[in-house]
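One structure below.
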Amino acid sequence: MKRIVKAYDVVIAGGGLAGLCCGIAAAREGASVALVHDRPMLGGNASSEIRMHICGADHHGSRPNARETGILEEILLEHKHRNPQTSWMIFDSILWEKAAFQEGLDLYLNTHVAKVAAEKLEQDADGYDRQIQSITALQLTTEKEFEFHADLFVDATGDAFVGAEAGADVVIGRESRDQLGEADALDEADEFTMGNSLMFKARDTGKEVPFIKPFWADSYTEEDMRHRPITEISSGYWWIELGGGVQRVIEDGEAIRDDLLKAVWGVWNYIKNSRTDEGTLRFPEAATYELEWVGFLPGKRESRRILGDYILREEDCLDLHPDPETGEMIGTRFADTVAYGGWPVDVHTIEGFRKLGKEPNRTKLMEDVYAIPFRCYYSRNVKNLMMAGRDISASHLAFASSRVMATCAIGGQAVGTAAAMAVQHQISPRALGQTMIHELQQKLILRDCYLPSIPFEADEAKRPAKITASSYVPGHEPEKVIDPWSRTIGSRHHDWQTATPAAEEAPWLELEWDKPQLITKIQILFDSDLSKQLTPSLSEYQLAKEYPGTPPTLVKDFQVTLFSGETELNTVNISENYQRHCEIELPKPIQADRLRLTIHQTHGTTQPRVFAVRLIK
Ligand SMILES: Cc1cc2nc3c(=O)[nH]c(=O)nc-3n(C[C@H](O)[C@H](O)[C@H](O)COP(=O)(O)OP(=O)(O)OC[C@H]3O[C@@H](n4cnc5c(N)ncnc54)[C@H](O)[C@@H]3O)c2cc1C
């Protein structure tokens, strides 16, 4: 094997959605980044190898205006534009493209992080006792062994492999009530976790297709399936879940995979061939269906978690507190909020599919989204280690909510941004959290990340003196494009929305300044309808809830014109836009005292909305 030594600012292990968004964010922030991923395609559980739909705080579109934005939104809108037919292969290619063509990021696919070299620190002013020196990764496709050095390492492996090998404080399993004071925790802690699952997809061939059960497939009866209804025959089922009890998800992963295959094929046999007491087929509609795809790589739900300076608890996810400003009851907030969640606390039965007499899960819904603090995203004892994804610092119960992929992705973006800043300022993640959290939060908001209860602080010197528009809907006044929020929050609107314009009339919005502004870049945030989910899915039921392509609320063709007095200085025309977050960079800075945004066409709506128009650097 050829040994190659590489040095980067940031090295990320694991290319699930958390690692991918982390890598893109760090590279866009100017860091040199290696994204080291053991599979041929990115996306982890959302890749075509596993095919889980990406869920988040909107809870399958049931919580209005809650969808995650930032890099994940950019990816999913690209996907909606290019892949309305939801081919998983196209989704894979979009994830690959985002990493492979990202300046500053080197992508290492089929590269398995196998060893971590760490040293003990005697004394450290920031309170750390260990530090990673390098990680070694094997790329067997090219017979290479890479030794990666970096200022900061990010563990986005899901399994916290890097953290565990580096000697980070890690946990696995379920806490006891007295450990973190969680009301729903157990009397006694244990090491049990949720299990792994394999998914399948079936298609209607339009003619009868037999299914011959292989000798190794399991058999199931109606009684076995009492708590696991067959709701869709064309895809399934997260509850075909094994491991986490006697069989350990990591150590016994290969045996669990074999058992899952027996279970999936047994369930498919139940769907295709089982009969009622009267002798008729139980699912006659399945007669024309055949298996199109069955996963061979189990999706992993839960394993180790790395402890940070804060451990997110179930109460942080569920409790409500009065908003100091409005008195409204809102979810938990932190001074160092960098991400948020909103998926229910969704706890699965240990050894799921072996416990057929029990419900496969229990869920607790929260009324509002909850914030996740920066302290959950870096190791409390390894100086140069951060984490992104399902291995962040959370209890088993809080993890039951924070593990979903959209929550992992926005956390990943926060970690990548923070990692680049920490490297640039040569400080540890802990020191960054203590001294630069405000800068980090404002950077994230400028990259269109939503941080609950953390407002955008605009540069007062750039504040327009006057904002006017061709028309507006009451409650959606033009001035809202410069308020500190860029989504609807509860009943409060933060957008300018035009009244339906007369035919041939193009709605416009104008920002005017008392003094000329030196303009280099203009940011515009349109409306991508944050109330609808936007994910690839195996489930026809879930896909039917989505727009088939680009959300009709989005603006397609628009124009930005800069003026000095009545003199037109520059006009930029953008056509075929399908993103919420648009940035227009001028070829050279222009002094202007008036900016006009004109909307020429949308993807469907006659009353487009704009959440922000900002001058940025
Ligand atoms: C069956 C199932 C159903 C689920 N349902 C949903 C759902 O509907 N919606 C939802 O949002 N979430 C769902 N989840 C949870 C969610 O998929 C995970 O919590 C999420 O994928 C975690 O994201 P991640 O980026 O941390 O990890 P992953 O998606 O697991 O990505 C981590 C990646 O790191 C790679 N890796 C691991 N070790 C190494 C190494 N040593 N070197 C290099 N690379 C490595 C892995 O191959 C993996 O691809 C489900 C999980 C399972 C298992």
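Counting starts at 1 for both ligands and their atoms, in listed order.
- Ring to ring, F334 and Y310 are close: their centroids are under 6.0 angstrom apart.
- Neither the backbone nor the side chain of I50 comes within 4.0 Å of ligand 1, counting heavy atoms alone.
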**Prompt:** Can you check side chain to side chain contact (heavy atoms under 4.5 Å, CB included) on K383 and R430, steps first, answer last?
**Reply:** CA-CA 8 Å; K383 185 174 183 155; R430 177 175 291 141; over 6 Å; no
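- A salt bridge links E29 and R447; the closest N-O separation between the charged side-chain nitrogens and carboxylate oxygens is under 4.0 Å.
- By the 4.0 Å N-to-carboxylate-O rule, D58 lies too far from R63 to be salt-bridged with it.
- The pair K201-E540 counts as a salt bridge, with a side-chain nitrogen and a carboxylate oxygen less than 4.0 angstrom apart.
- Between Y108 and Y8, the ring planes are perpendicular. Angles over 60° get that label, and only those under 30° would be called parallel.
- Comment: R304 does not engage D391 in a salt bridge, judged by the lack of any side-chain N to carboxylate O separation of less than 4.0 angstrom.
- When heavy-atom distances to ligand 1 are checked against a 4.0 Å cut-off, N196 has no atom that comes that close, whether in backbone or side chain.
- Backbone and side-chain nitrogen or oxygen atoms of F161 are examined, and none is located within less than 3.5 angstrom of a nitrogen or oxygen of ligand 1.
- The single protein non-hydrogen atom nearest to atom 43 (C) of ligand 1 is D38 N, 3.4 Å, given as residue, atom name and distance.
- With hydrogens left out, the protein atom closest to atom 33 (C) of ligand 1 is G16 N, 3.7 Å, a heavy atom.
- Inclusion of W238 in the set of residues having an N or O under 3.5 Å from an N or O of ligand 1 is not warranted.
- Among the atoms of N45, some N or O lies under 3.5 angstrom from an N or O of ligand 1.
- Side-chain contact between L397 and V347 is present, with at least one heavy-atom pair separated by less than 4.5 Å.
- Here atom 37 (C) of ligand 1 lies nearest to T157 when heavy atoms of T407, L538, T157 are compared.
- At least one heavy atom of C408 sits under 4.0 Å from some atom of ligand 1.
- Residue contacts with ligand 1 for K300 involve N, CA, C or O but no side-chain atom from C-beta outward (heavy atoms, distance under 4.0 Å).
- Of all the heavy atoms of C55, the ones lying under 4.0 Å from any atom of ligand 1 are found in both the backbone and the side chain.
- Scanning H53, M387, M405 for the heavy atom closest to atom 9 (N) of ligand 1 points to H53.
- The aromatic rings of F91 and W88 stand perpendicular to each other, their planes meeting at an angle above 60°, with 30° marking the opposite boundary.
- Remark: ligand 1 and V113 share an N or O pair separated by less than 3.5 Å (distance only, no angle test).
- Distance from atom 32 (C) of ligand 1 to its nearest protein heavy atom, with residue and atom name: A156 O, 3.4 Å.
- The atoms of ligand 1 that sit less than 4.0 Å from any heavy atom of G299 are 53 (C).
- Stacking of K532 on the aromatic ring of Y547 is recorded, both the 6.0 Å distance cut-off and the 45° axial limit being met.
- Residue R39 places no N or O, backbone or side chain, under 3.5 Å from any N or O of ligand 1.
- Among protein heavy atoms, atom 26 (O) of ligand 1 sits closest to R390 N, 2.9 Å.
- From the protein, the heavy atom lying nearest to atom 2 (C) of ligand 1 is R301 NH2, 3.3 Å.
- The existence of a salt bridge linking D346 and R403 is confirmed by a sub-4.0 Å separation between a basic side-chain nitrogen and an acidic carboxylate oxygen.
- Atoms of ligand 1 lying under 4.0 Å from at least one heavy atom of H112, given by number and element, are 41 (N), 42 (N).
- The N/O atoms of S197, backbone and side chain alike, include none that comes under 3.5 Å of an N/O atom in ligand 1.
- The protein heavy atom nearest to atom 6 (C) of ligand 1 is M52 CE, 3.7 Å.
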**Item:** Worked verdict on Y270 versus I230 for side chain to side chain contact (heavy atoms under 4.5 Å, CB included)
**Value:** CA-CA 10 Å; Y270 177 75; I230 302 294; 4.1 Å; yes
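- Between R130 and E119 there is no salt bridge, since no side-chain nitrogen of the basic residue lies less than 4.0 Å from a carboxylate oxygen of the acidic one.
- Nearest non-hydrogen protein atom to atom 49 (O) of ligand 1 is H37 CE1, 3.1 Å.
- Residue-ligand proximity: T111 is placed with a non-hydrogen atom under 4.0 Å from ligand 1.
- Atom 34 (O) of ligand 1 has as its closest protein heavy atom G14 CA, 3.3 Å.
- Heavy-atom proximity to G389, at under 4.0 Å, picks out these atoms of ligand 1: 26 (O).
- Ion pairing between R248 and E191 holds under the 4.0 Å rule for side-chain N and carboxylate O.
- In V36, the part holding a heavy atom less than 4.0 Å from any atom of ligand 1 is the backbone.
- Ionic pairing of E241 and R301 is present here: one or more N-O contacts between side-chain nitrogen and carboxylate oxygen are shorter than 4.0 angstrom.
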